[in-house]
Amino acid sequence: MKEGLFEKNMSLSEMDAVLEHFLTEESSTIRILVDIPLTEEEYIQLSDKLIGMKRNMANIQRYRISMLMAWAYALYYGKGESKEYCEIMSGLDEMPQYFTRQFFRLCSRTFEEFGLNTYFPEICSKQQLCGMMVAQAGISEKMAPHFCRLLEEMNAGKSISEAMEEMEATNNEHLEDVASSSSYYFLENLLLSAKEVMRDCRSGHYTEPQIREKYSITSSRLIHTCWCWAQKQNMVCA
């Protein structure tokens, strides 16, 4: 995965342009927002620039990619209480109803415009938007070992209902956070698609690029996570 998209002292406009360019140029490998590789330092750099942004519809439309990226990475890096995230959420609560509907439509159009996989139809509520952002945040590095073990158990015979119950009832905060923030539809689809990815990664019959091509809407970062896990497990079993 590529790293280092931003230079130091970039303006918000410059960072937003970099993100939009990356989305456009790397469209074949960008399936969710966190497939755009931001380091934690770059996430903080972007978030800090957004903090001082005046929250009107003109600015939200202009910086929609940066705003949604910061939100997704706040979830990815486990910073759900970050200032940027809290400002977005409190802003939704304070918006007039017509403004909120306009904001939901803007988010839906943005995901559609850049071909991002959402697991959701049109956004019609704050709950759906939050669920969509969980989808855009994907599986974090901290969550990955626990999630990959669960996929292995599913491939060994654990049912989808048992896996979902384990995520919802587990004492593991990383899995539990995704389960509690997700709709049944999203969580079921995530587990089923990731199970198949892990199966093919473990099979030894595919390269990572071939798996990315086969699962054309699955997060490239998730595929890479499963691939790295599978390579380690295959070496242990060899």
Side-chain angles (χ1 to χ4, degrees), residues 1-5 19 22-40 42-43 65 68-69 72-73 75-78 111-112 114-120 131-156 158 160 163-164 166-167 172 174-175 177-179 181-183 185-238:
M1 305 291 283
K2 296 179 182 178
E3 290 190 348
L5 292 184
L19 293 173
F22 196 94
L23 268 171
T24 303
E25 293 299 311
E26 303 290 336
S27 58
S28 64
T29 60
I30 306 301
R31 287 83 184 266
I32 62 174
L33 284 170
V34 298
D35 286 340
I36 302 175
L38 291 190
T39 64
E40 189 165 0
E42 287 178 314
Y43 152 70
I65 296 171
L68 292 170
M69 277 290 293
Y73 266 102
L75 296 171
Y76 179 83
Y77 283 120
F111 294 130
E112 183 179 358
F114 293 102
L116 297 168
N117 187 16
T118 60
Y119 301 93
F120 281 96
M132 178 137 359
M133 294 312 299
V134 171
Q136 295 300 317
I139 303 301
S140 71
E141 290 182 21
K142 290 181 179 179
M143 190 195 311
H146 314 284
F147 188 73
C148 288
R149 286 192 194 97
L150 187 59
L151 297 180
E152 293 271 43
E153 291 170 5
M154 289 178 67
N155 281 318
K158 178 171 285 189
I160 182 67
M164 291 178 70
E166 182 172 332
M167 287 188 73
N172 187 294
H174 305 301
L175 294 180
D177 283 349
V178 172
S181 304
S182 303
S183 72
Y185 177 72
F186 163 69
L187 193 57
E188 181 181 45
N189 275 274
L190 173 65
L191 284 168
L192 287 174
S193 61
K195 170 190 172 183
E196 298 303 311
V197 170
M198 180 62 79
R199 180 203 63 200
D200 285 349
C201 287
R202 287 297 304 269
S203 72
H205 297 150
Y206 300 90
T207 64
E208 185 178 356
Q210 287 173 331
I211 292 175
R212 281 203 305 271
E213 184 176 355
K214 182 177 180 180
Y215 298 95
S216 59
I217 64 171
T218 301
S219 161
S220 294
R221 189 187 284 268
L222 175 58
I223 290 172
H224 185 67
T225 295
C226 290
W227 178 261
C228 292
W229 170 273
Q231 299 315 297
K232 289 179 181 178
Q233 298 305 306
N234 288 343
M235 287 178 65
V236 169
C237 296

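Note: hydrogens, waters and symmetry copies are ignored here, and every other heavy atom, side chains too, is used. Bear in mind that the values here come from a model prediction, so they are computed numbers and not experimental data.
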Not counting sequence neighbours, which residues clear salt bridge (charged side-chain N to carboxylate O under 4.0 Å, His left out) with Glu213? List them please.
-> none

Who are the salt bridge (charged side-chain N to carboxylate O under 4.0 Å, His left out) partners of Lys158, not counting sequence neighbours?
-> Glu153, Glu166

Verify the distance criterion only: is there a donor paired with an acceptor across the side chains of Tyr206 and Arg212 at less than 3.5 Å?
->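 Result is no, nothing qualifies.
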
Donor-acceptor contact below 3.5 Å, side chain Tyr73 vs main chain Ala137 |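 Pair absent, no side-chain N/O of Tyr73 close to backbone of Ala137.
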
Determine yes or no for a side-chain-to-main-chain donor-acceptor pair under 3.5 angstrom, with Glu42 supplying the side chain and Thr39 the backbone.
-> yes

Could you walk me through whether Met154 and Ile160 pass the side chain to side chain contact (heavy atoms under 4.5 Å, CB included) check?
-> CA-CA 7 Å; Met154 289 178 67; Ile160 182 67; 3.8 Å; yes

Mind checking what makes side chain to side chain donor-acceptor pair (under 3.5 Å) contact with [X], not counting sequence neighbours?
| X | answer |
| --- | --- |
| Gln210 | Thr207 |
| Trp229 | Glu152 |
| Glu141 | none |
| Arg149 | none |

Does the side chain of Val34 come within less than 4.5 Å of Ile139's, by heavy atoms?
-> no

Heavy-atom check, side chain of Asn155 versus side chain of Arg202, under 4.5 Å | no

Identified side chain to side chain donor-acceptor pair (under 3.5 Å) partner of Ser219 from the options Asp35, Thr225, Thr29, Asn117 |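 The passing option is Asp35.
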
Chi angles and distances behind the side chain to side chain contact (heavy atoms under 4.5 Å, CB included) call for Glu40, Tyr76 = CA-CA 10 Å; Glu40 189 165 0; Tyr76 179 83; over 6 Å; no

Face-on cation placement of Arg31 at Tyr215 ring, 6.0 Å and 45° thresholds =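 So Arg31 doesn't make the cation-pi contact.
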
Give the C-alpha distance, both sets of side-chain angles, the deciding distance and a yes or no for side chain to side chain contact (heavy atoms under 4.5 Å, CB included) between Val197 and Leu222.
-> CA-CA 9 Å; Val197 170; Leu222 175 58; 5.8 Å; no

Working to the nearest 0.5 angstrom, can you tell me the gap between [X] [atom1] and [Y] [atom2]?
| X | Y | atom1 | atom2 | value |
| --- | --- | --- | --- | --- |
| Leu151 | Ser193 | CG | OG | 9.0 Å |
| Leu192 | Met164 | CG | CE | 8.5 Å |
| Glu196 | Cys226 | CD | SG | 11.0 Å |

Measure across Met133 and Ala72 and return the closest heavy-atom pair with its distance rounded to 0.1 Å.
-> CE-N, 3.7 Å

